[in-house]
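To start, the structure under review is shown below, and the notes come after it.
Sequence positions, counted from 1, serve as the residue numbers for this chain.
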Amino acid sequence: MSSSPIAISVIVCAFADDRWDDLVGALNSIQRQGLNAAETIVVTDHNDGLGARVAAEFPWARVVPNSGQQGLSDARNTGVAASSAPIVAFLDDDAVASPGWLEALADPYRDQRVIGVGGAAIPAWDARRPAWFPDEFDWVVGCSYRGLPTHLAPIRNPLGCNMSFRREAFAATGGFDTSVGRVGRVPVGGEETEFCIRLRQQMPNHVLLYQPTATVRHRVRAERATWRYFKARCVAEGRSKARITTLVGAGDGLASERRHAAVTLPRGVARHLSVALRELQPAGVVRAGAIVAGLGCTVAGYAAGRMGARQSRTPPKPEPTVGPAG
């Protein structure tokens, strides 16, 4: 294995002016890495004013407007096309990378079988973490959740806010699918999941790894720490998974979810109830209930998504032919 530094292009996708302070934090954190990024590219999603502001205040970053459809998928594709390093890393505009983040992502690539590496995302709550919010569902706010590996290990797909891939991954797959994923503030996602499943189907001899020492702090706004958002995000996730299974098949599309639902969530219910009984913490009962409700909302979203997909594939019934009386 080579010991020479690994060149990585870092891509940050941004779309909203009111997230400026978050974007500043993300870009400054890239500058504090021990391993210097080969380049930092900020892709602005159909917001020329934001692009001009970034170019003026961060002259060391390259600003590129999204050249495709509005949304995160084509913004990422635009960033990849504009980048030049053999490894491409993505950092969300509301995530702050810890010192050593880029080095931790880079190190596993010394093994040529590794096609992608993702890191951990620690929730940075605007307010205190809600007592009812189970850590098994931290994926709802885009963060690492209980059930992920605690050491360097293979995974199906990384978290979208903190992930990286070899350049050939995009050549093999054609990039992120614009029919999947987030547009603006709509609480859907799944584009990185669908991309990674296609990637593993196209390159079965390669591996995707989770590197928990490559950490970022991912902001969780107050409106996302609500029961209303929790339910909406679970339903949206179910719908996203329904769309993904139509593209890549249910076997690959739901493999991780089935394990999470069959193993991690039942253990979570038991753990939270045990805490409630042992330590007399009523919130434990509520967290256990939130797991059950979250799973139910996700399943309902999936069922609705599958039903919608079937209806869209069903041809309309022909209108009856009305002939002359007689």
Side-chain angles (χ1 to χ4, degrees), residues 71-73 118 121 123 132-148 155-161 163 173 176-201 208 210 220 223-270 272 286-315:
L72 189 53
S73 291
W132 59 266
F133 205 114
D135 52 4
E136 291 84 0
F137 274 78
D138 277 5
W139 57 264
V140 165
V141 292
C143 293
S144 298
Y145 51 91
R146 184 178 291 270
L148 284 176
I155 53 170
R156 184 191 64 184
N157 61 274
L159 298 166
C161 68
M163 61 183 182
T173 61
F176 295 96
D177 190 329
T178 57
S179 71
V180 183
R182 181 179 291 270
V183 178
R185 302 181 193 275
V186 179
V188 294
E191 67 282 347
E192 62 273 357
T193 301
E194 191 276 339
F195 170 80
C196 289
I197 293 172
R198 278 191 292 117
L199 176 58
R200 293 181 65 186
Q201 291 173 344
L208 291 160
Y210 179 67
V220 182
E223 64 268 21
R224 296 189 178 185
T226 64
W227 180 243
R228 180 179 181 180
Y229 183 86
F230 181 87
K231 292 189 296 181
R233 182 69 182 84
C234 288
V235 171
E237 181 70 10
R239 287 184 173 274
S240 295
K241 287 300 188 296
R243 172 60 181 161
I244 290 169
T245 58
T246 65
L247 297 172
V248 300
D252 288 336
L254 296 177
S256 294
E257 287 74 17
R258 285 171 175 153
R259 286 194 299 272
H260 193 64
V263 178
T264 303
L265 297 188
R267 287 178 179 173
V269 170
H272 292 301
V286 182
R287 286 193 296 272
I291 290 177
V292 176
L295 177 60
C297 289
T298 306
V299 171
Y302 178 79
R306 292 293 292 175
M307 183 178 298
R310 285 195 296 269
Q311 290 175 347
S312 67
R313 290 195 300 266
T314 302

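- Within the 4.5 Å cutoff, side-chain heavy atoms of V140 are placed close to those of Y229.
- Remark: R239 CZ to T298 OG1 distance equals 12.5 Å, nearest 0.5 Å.
- Taking CZ of R200 as the start and CD1 of I155 as the end, the distance is 9.0 Å to the nearest 0.5 Å.
- The ring-ring contact (aromatic ring centres under 6.0 Å, His included) check on Y210 picks up nothing, with sequence neighbours excluded.
- One finds the CZ atom of R267 at 12.0 Å from the NE2 atom of H260 (value rounded to the nearest 0.5 Å).
- Crowding of R258 atom CZ: a count of heavy atoms from other residues, nucleotides or ligands under 6.0 Å exceeding 12.
- With a 4.5 Å cut-off on side-chain heavy atoms, T246 and R306 count as touching.
- Scanning both residues, W227 and A290, for their nearest heavy atoms gives CZ3-CB, 4.1 Å.
- By the side-chain hydrogen bond (donor to acceptor under 3.5 Å, both in side chains) test, D135 is found to be paired with R146, R271, residues two or more places apart in sequence or in another chain being considered.
- Between F137 and W139, the two ring planes are tilted [angle within 30° to 60°].
- Partners of Y302 under the ring-ring contact (aromatic ring centres under 6.0 Å, His included) rule, at least two apart in sequence or in another chain, do not exist in this structure.
- Note: T193 OG1 to L159 CG = 9.0 Å, rounded to the nearest 0.5 Å.
- For the pair L247 and S179, the minimum side-chain heavy-atom distance is below 4.5 Å.
- Note that the CD1 atom of I197 and the CG atom of N157 stand 6.5 Å from one another [nearest 0.5 Å].
- Residues G268 and E136 share a closest heavy-atom pair of CA-OE2, 3.2 Å.
- Checked by atom type and distance alone, the side chain of S144 pairs as donor or acceptor with a backbone atom of A121 at under 3.5 Å.
- Scored by the side-chain hydrogen bond (donor to acceptor under 3.5 Å, both in side chains) test, T173 finds no partners at all (sequence neighbours excluded).
- G147 and T264 make their closest contact through CA-OG1, 3.9 Å (heavy atoms, listed as atom of the first residue, atom of the second, distance).
- F133 places a side-chain heavy atom less than 4.5 Å from the side chain of D138.
- With sequence neighbours excluded, the residues forming a salt bridge (charged side-chain N to carboxylate O under 4.0 Å, His left out) with R156 are E257, listed by chain and number.
- Contact annotation: the side chain of V269 never approaches that of L265 to less than 4.5 Å [non-hydrogen atoms, C-beta and beyond].
- For the atom pair NZ (K241) and CG (L254), the distance works out to 8.0 Å, reported to the nearest 0.5 Å.
- Closest of all the heavy-atom pairs between C196 and P158 is SG-CD, 3.4 Å.
- Between E194 and R198 there is a side-chain heavy-atom pair separated by less than 4.5 Å.
- Taking both residues in full, the closest heavy atoms of S73 and E191 are given as OG-CB, 3.3 Å, listed atom of the first, atom of the second, then distance.
- Sorted by first then second residue, the side-chain hydrogen bond (donor to acceptor under 3.5 Å, both in side chains) pairs that include residues 287-296, not counting sequence neighbours, are H272-R287.
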